[in-house]
Amino acid sequence: MDVHELRQEFIHYLKTNDSYARPEIMASNVLYAYYHDIGIPFQQIFLDEDSMKSARELLITHFETKENPRKNPKRHASIHYGCWLKFKEFLDLSGRTL
(Lines give C-alpha, C1' and ligand atoms only; values in the text may rest on other atoms or scores of the structure.)
Protein backbone atom coordinates (compact mmCIF):
# COMPACT_ATOMS: atom_id res chain seq x y z
CA MET A 1 0.00 0.00 0.00
CA ASP A 2 1.39 3.37 -1.02
CA VAL A 3 0.09 5.57 1.78
CA HIS A 4 1.06 8.81 0.02
CA GLU A 5 -0.88 7.86 -3.09
CA LEU A 6 -3.83 6.77 -0.98
CA ARG A 7 -3.77 10.10 0.85
CA GLN A 8 -3.76 12.05 -2.41
CA GLU A 9 -6.64 9.97 -3.83
CA PHE A 10 -8.66 10.55 -0.66
CA ILE A 11 -8.01 14.30 -0.77
CA HIS A 12 -9.07 14.37 -4.43
CA TYR A 13 -12.22 12.41 -3.53
CA LEU A 14 -13.08 14.92 -0.80
CA LYS A 15 -12.50 17.91 -3.07
CA THR A 16 -14.72 16.53 -5.82
CA ASN A 17 -17.45 14.86 -3.75
CA ASP A 18 -17.74 16.86 -0.56
CA SER A 19 -17.70 20.41 0.71
CA TYR A 20 -15.29 19.70 3.56
CA ALA A 21 -13.26 22.88 4.06
CA ARG A 22 -9.88 21.26 4.76
CA PRO A 23 -9.54 17.84 3.11
CA GLU A 24 -5.81 17.70 3.88
CA ILE A 25 -6.57 17.83 7.61
CA MET A 26 -9.21 15.13 7.28
CA ALA A 27 -6.67 12.93 5.47
CA SER A 28 -4.12 13.58 8.21
CA ASN A 29 -6.67 12.64 10.88
CA VAL A 30 -7.40 9.37 9.06
CA LEU A 31 -3.73 8.49 8.70
CA TYR A 32 -2.87 9.27 12.33
CA ALA A 33 -3.68 5.65 13.13
CA TYR A 34 -1.37 4.52 10.33
CA TYR A 35 1.61 6.41 11.72
CA HIS A 36 0.88 5.82 15.43
CA ASP A 37 0.23 2.55 17.22
CA ILE A 38 -3.22 2.89 18.77
CA GLY A 39 -3.58 -0.83 19.48
CA ILE A 40 -5.13 -2.03 16.21
CA PRO A 41 -3.57 -2.38 12.74
CA PHE A 42 -4.62 0.43 10.42
CA GLN A 43 -6.25 -1.92 7.89
CA GLN A 44 -8.44 -3.54 10.54
CA ILE A 45 -10.02 -0.23 11.51
CA PHE A 46 -11.95 -0.12 8.24
CA LEU A 47 -13.39 -3.64 8.18
CA ASP A 48 -16.81 -2.50 9.37
CA GLU A 49 -18.58 -0.09 11.70
CA ASP A 50 -17.88 -2.23 14.78
CA SER A 51 -14.13 -2.22 14.09
CA MET A 52 -14.19 1.57 13.71
CA LYS A 53 -16.05 1.93 17.02
CA SER A 54 -13.53 -0.35 18.75
CA ALA A 55 -10.68 1.66 17.25
CA ARG A 56 -12.29 4.89 18.50
CA GLU A 57 -12.20 3.48 22.05
CA LEU A 58 -8.54 2.55 21.58
CA LEU A 59 -7.84 6.04 20.28
CA ILE A 60 -9.47 7.57 23.37
CA THR A 61 -7.15 5.49 25.54
CA HIS A 62 -4.21 6.48 23.35
CA PHE A 63 -5.07 10.19 23.75
CA GLU A 64 -5.33 9.79 27.53
CA THR A 65 -1.70 8.73 27.89
CA LYS A 66 0.96 11.16 29.00
CA GLU A 67 2.85 10.47 25.75
CA ASN A 68 -0.11 11.61 23.60
CA PRO A 69 -2.23 13.85 25.83
CA ARG A 70 -5.30 15.66 24.55
CA LYS A 71 -7.42 18.06 26.57
CA ASN A 72 -10.57 16.20 25.56
CA PRO A 73 -9.62 12.67 24.40
CA LYS A 74 -13.21 11.60 23.68
CA ARG A 75 -13.96 14.60 21.51
CA HIS A 76 -10.63 14.33 19.70
CA ALA A 77 -11.21 10.62 19.02
CA SER A 78 -14.73 11.40 17.80
CA ILE A 79 -13.30 13.83 15.25
CA HIS A 80 -11.00 11.08 13.97
CA TYR A 81 -13.93 8.67 13.91
CA GLY A 82 -15.92 11.04 11.71
CA CYS A 83 -12.96 11.21 9.34
CA TRP A 84 -12.75 7.40 9.35
CA LEU A 85 -16.40 7.19 8.31
CA LYS A 86 -15.73 9.41 5.31
CA PHE A 87 -12.58 7.42 4.49
CA LYS A 88 -14.55 4.14 4.68
CA GLU A 89 -17.07 5.67 2.28
CA PHE A 90 -14.19 6.55 -0.07
CA LEU A 91 -12.79 3.02 0.16
CA ASP A 92 -16.17 1.42 -0.52
CA LEU A 93 -17.12 3.70 -3.42
CA SER A 94 -13.71 3.54 -5.08
CA GLY A 95 -13.33 -0.22 -4.64
CA ARG A 96 -10.03 0.31 -2.82
CA THR A 97 -8.80 -2.25 -0.36
CA LEU A 98 -6.13 -1.83 2.25
Side-chain angles (χ1 to χ4, degrees):
M1 169 177 69
D2 182 350
V3 72
H4 298 291
E5 180 181 316
L6 184 63
R7 182 180 192 279
Q8 292 306 314
E9 287 180 28
F10 181 50
I11 290 169
H12 177 73
Y13 170 81
L14 292 171
K15 287 180 177 180
T16 57
N17 297 297
D18 205 325
S19 61
Y20 191 74
R22 295 187 216 147
E24 293 83 4
I25 292 174
M26 183 178 270
S28 293
N29 286 341
V30 167
L31 293 173
Y32 182 88
Y34 177 83
Y35 292 111
H36 299 87
D37 180 10
I38 66 165
I40 184 174
F42 181 72
Q43 294 83 351
Q44 287 185 359
I45 294 171
F46 304 100
L47 295 176
D48 54 33
E49 189 174 345
D50 288 338
S51 63
M52 287 191 288
K53 287 180 180 178
S54 295
R56 179 178 54 192
E57 294 304 314
L58 291 169
L59 195 56
I60 290 168
T61 302
H62 175 79
F63 288 152
E64 290 174 337
T65 66
K66 66 180 178 178
E67 294 83 20
N68 303 290
R70 300 298 191 273
K71 288 182 182 179
N72 189 335
K74 288 181 183 180
R75 182 175 183 278
H76 205 86
S78 291
I79 291 168
H80 283 251
Y81 178 76
C83 296
W84 291 344
L85 290 172
K86 188 55 84 172
F87 185 68
K88 175 74 168 127
E89 175 186 289
F90 157 73
L91 293 174
D92 291 346
L93 291 174
S94 66
R96 291 283 312 231
T97 58
L98 299 178

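FYI, side chains are in, hydrogens and waters are out, and symmetry mates aren't considered; it's all heavy atoms of this structure. Along the sequence shown, residues carry numbers from 1.
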Q: Apply side-chain contact (heavy atoms from CB on, under 4.5 Å) to L31 and F42, showing your working.
A: CA-CA 8 Å; L31 293 173; F42 181 72; 3.7 Å; yes
Q: Examine H76 together with Y32 and report whether their ring centres are nearer than 6.0 Å.
A: no
(Q) I'd like to know if F90 and L47 are part of one continuous hydrophobic network [Ile/Leu/Val/Met/Phe/Trp/Tyr, side-chain heavy atoms within less than 4.5 Å]. (A)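 Unlinked, L47 and F90 end up in two clusters.
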Q) Do the side chains of I25 and L14 join up, straight or via other hydrophobic residues, at under 4.5 Å, putting them in one cluster? A)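 Hydrophobic grouping puts I25 apart from L14.
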**Q.** Side-chain donor/acceptor of R7 to backbone N/O of E24, under 3.5 Å
**A.**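 Looks like yes, one N/O pair under 3.5 Å.
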Drop me the distance from [X]'s [atom1] to [Y]'s [atom2], to the nearest 0.5 angstrom.
X   : Y   : atom1 : atom2 : value
F10 : C83 : CZ    : SG    : 7.0 Å
I79 : M26 : CD1   : CE    : 10.5 Å
Y13 : K86 : OH    : NZ    : 5.5 Å
S78 : I60 : OG    : CD1   : 6.0 Å
R75 : R70 : CZ    : CZ    : 12.5 Å

Q. So do W84 and L59 actually touch side chain to side chain, heavy atoms under 4.5 Å?
A. yes
(Q) Could you check whether any side-chain heavy atom of D92 comes within less than 4.5 Å of a side-chain heavy atom of F46, counting everything from C-beta outward? (A)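 The answer is no; the side chains never approach within 4.5 Å.
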Q: State whether E57 and K53 are salt-bridged, where the test is any N-O pair (Lys NZ or Arg NE/NH1/NH2 against Asp/Glu carboxylate O) under 4.0 Å.
A: no
Please name the pair of heavy atoms, one in [X] and one in [Y], separated by the smallest distance, quoted to 0.1 Å.
X   : Y   : result
L98 : Q43 : CB-CG, 3.6 Å
D37 : I40 : OD1-N, 4.4 Å
E67 : P69 : C-CD, 3.4 Å
F87 : L6  : CZ-CD2, 3.7 Å
N29 : H80 : O-ND1, 2.9 Å
A33 : I45 : CB-CD1, 3.5 Å

**Q.** Matching residue for P23 among I11, T16, D18 - test: side chain to side chain contact (heavy atoms under 4.5 Å, CB included)
**A.** I11
Q | Criterion side-chain contact (heavy atoms from CB on, under 4.5 Å) on Y35 and V3, from CA distance to verdict | A | CA-CA 10 Å; Y35 292 111; V3 72; 3.4 Å; yes
